[in-house]
Amino acid sequence: MASPTAKMSPLIMRVLAASVSVSYRAGTIIRDIMKTGDLGIVEKGKNDLQTEADRAAQRCIVASLHKQFPKVAIFGEESLDPSDKIPDNYVVTELAEDVLNHTCPEIYKNITDDEIVIWVDPLDGTAEFTQGLLDHVTVLIGIAVNGEAKGGIIYQPYYNYQSGPGTPMGRCIWGLVGLGSYGFTREVPPTNQNLITTTRSHSDWIVTEAVNACEPTEIVRVGGAGHKVLLLIEGKVHAYVFASKGCKKWDTCAPEAVLCAIGGSLTDMLGNQILYHSAVQRRNAGGVLATVQNHNWYVERIPPEIKENFVSDTPSEDMLKHKQQASTSAAADEVDSSTGAGDSSLSSTSKGDSGSSVDPPEFDKTKTNPDNVSAGPAKM
Ligand SMILES: Nc1ncnc2c1ncn2[C@@H]1O[C@H](COP(=O)(O)O)[C@@H](OP(=O)(O)O)[C@H]1O
Ligand SMILES: [Mg+2]
Ligand SMILES: [Mg+2]
Ligand SMILES: [Mg+2]
């Protein structure tokens, strides 16, 4: 039975709470499969592996979320046989109370099923998982609202795995833009340095050229988009630069939301917004560039001859319509507030209490107006 808090909670908070709960279960499934010693590796393509842990974790997450939110679109990385039997104990219907205890920001209160798309990467960092670099692995559940990354869960199943017996393994980081991000501690990144993280297993000369153009004092090559954004939010690196079309929407939706909820930015290499509506192309054809601050400085360092290889996402008709409606109602709010009757609209300032939210850095966010994007029609 759902608790009274759950019944009263807006849809976005329930989706977030269900995603947090199921991420713990997916983490257990991943660890259990690793313990069997039989990863059941399949080669999906060049330098692109899938294991039984990827398959099982996706079954668990998608079945659990679909059961609770049957009208919400859910996209997972792995192509699986829909007739596969899903064990009963894979279906989790709990809602994390620590999420529901937060007040939903006003702007999400009336969001409906058709405005949400969930992007699931059941195991991010598969290459490193198969090589025993276990702390590079994360489970990613991203929640897009009207095509924009707003909610995210990054579950790290092997956090603390080398800390010896008695230390609890695994941690869940979650965030919602307008509320804050929770489950980690942020440190101030080293000053007078420029630490840049990028791929460890999917590099090529453009990837390396783009990193070098950002004048790194050190390059941190690690696996997983989720893991790299964890390094960023914890203050261990200054930027994540990946000039490649290899990442997909499920790699970036959750990390982007968690990062943006503390005032950071994750865009393509051109500095344009990555979009997450259901018809968008799965590939991040614009590459990935993420920072907590000084985003523009990094975008400006990327030479035009690199930028010209990348293409930004195109908004859907629905998104454009929604944006128009939102700006019309924002204008109406402004009129209202000038008369003293207005409600406060969502600000990008994180309002975290005991969670790991940080004050927004002092820089202009570079997410540009979707009118700037230049791609052709979105394809599946
Ligand atoms: N060239 C490529 N081909 C396939 N997947 C790629 C890729 N480049 C990046 N990715 C995917 O993007 C994610 C982050 O990559 P990286 O670890 O190299 O930074 C990984 O997700 P998965 O491990 O979930 O497949 C990885 O497979
Ligand atoms: Mg991934
Ligand atoms: Mg994956
Ligand atoms: Mg993969």
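Both ligands and their constituent atoms are indexed starting at 1 by order of listing.
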E77 with K44: basic N within carboxylate O range, under 4.0 Å: yes

Total protein N, O or S atoms, the Mg ion (ligand 3), separation less than 2.8 Å: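 That number is 3, waters not included.
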
Salt bridge (Lys or Arg N to Asp or Glu O under 4.0 Å) partners of E128, counting only residues at least two apart: R200

Plane angle bin for W119 and W250 - parallel if under 30°, tilted between 30 and 60°, otherwise perpendicular: tilted

Geometric class of the Y158/Y161 ring pair [parallel <30°, tilted 30-60°, perpendicular >60°]: perpendicular

Lys NZ or Arg CZ of R59 over Y90 ring: under 6.0 Å, within 45°: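 Geometry flag: not set, cation outside 6.0 Å or 45°.
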
Pairwise distance NZ(K307) to CG(L270) - rounded to 0.5 angstrom: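 Separation between the atoms: 7.0 Å.
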
